Amino acid sequence: MLVLSRHKDESIMVGDNVEIMIVGIRRNEIQLGINAPKSVPVYRKEVYGRICREKRAGAASICPRIAGVPARWP
């Protein structure tokens with residue numbers, strides 16, 4: 001895992017076309033702005049896990065395992 005330090009209004013680039021900017025910082029919470037092409041889906045991790053779980057339950061489609069998201073949620 002790459003760990004970076006950024007201040008408000010600073011950003012990082014993921015590849016050539018995804019920018020992640022620090023929009024706000026409050027107590028122990030940060031707000032991120034993500035600028036990505038419409039062809040690149042962007043989900044919160046828990047939502048992505050739910051989508052993968054539903055795909056596994058339906059068709060034979062398999063999403064990659066992602067750390068911290070169990071294959072079976074309660």
Side-chain angles (χ1 to χ4, degrees):
M1 173 187 300
L2 174 64
V3 178
L4 301 171
S5 296
R6 299 278 78 200
H7 294 101
K8 186 178 178 208
D9 297 326
E10 292 183 336
S11 61
I12 63 169
M13 294 297 297
V14 179
D16 293 331
N17 56 3
V18 177
E19 178 183 18
I20 301 173
M21 177 177 270
I22 306 301
V23 177
I25 304 171
R26 285 185 257 163
R27 297 180 201 152
N28 66 343
E29 180 179 279
I30 63 168
Q31 292 178 316
L32 300 174
I34 301 170
N35 188 7
K38 291 187 184 275
S39 61
V40 176
V42 178
Y43 302 106
R44 293 189 330 254
K45 189 175 183 179
E46 63 273 14
V47 172
Y48 182 74
R50 195 171 314 133
I51 291 168
C52 287
R53 189 181 78 237
E54 289 172 6
K55 284 184 178 181
R56 281 189 209 109
S61 171
I62 297 176
C63 288
R65 292 245 185 252
I66 50 178
V69 176
R72 296 173 56 95
W73 288 23

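Since this is a predicted model, take the numbers as computed values, not measurements. Any value given below was found using the heavy atoms of this structure, including those in side chains, with hydrogens, waters and symmetry copies removed.
Here I12 pairs with L4, R6, I20 under the side-chain contact (heavy atoms from CB on, under 4.5 Å) rule; sequence neighbours left out.
Using a 4.5 Å heavy-atom cutoff, the side chains of I22 and D9 are not in contact.
Here side-chain hydrogen bond (donor to acceptor under 3.5 Å, both in side chains) pairs that include residues 13-34, with residues two or more places apart or in two chains, are S11-E19. Legend: side-chain hydrogen bond (donor to acceptor under 3.5 Å, both in side chains) pairs involving residues 33-44, not counting sequence neighbours, sorted by first then second residue: R44-E46.
Taken together through direct or relayed side-chain contacts under 4.5 Å among Ile, Leu, Val, Met, Phe, Trp and Tyr, I30 and V3 form parts of separate hydrophobic clusters. Side-chain heavy atoms closer than 4.5 Å link hydrophobic residues (I, L, V, M, F, W, Y) into clusters, and following such links, even through other members, never connects V23 to I25.
Annotation: the span from M13 atom CE to M21 atom CE amounts to 10.5 Å, rounded to 0.5 Å.
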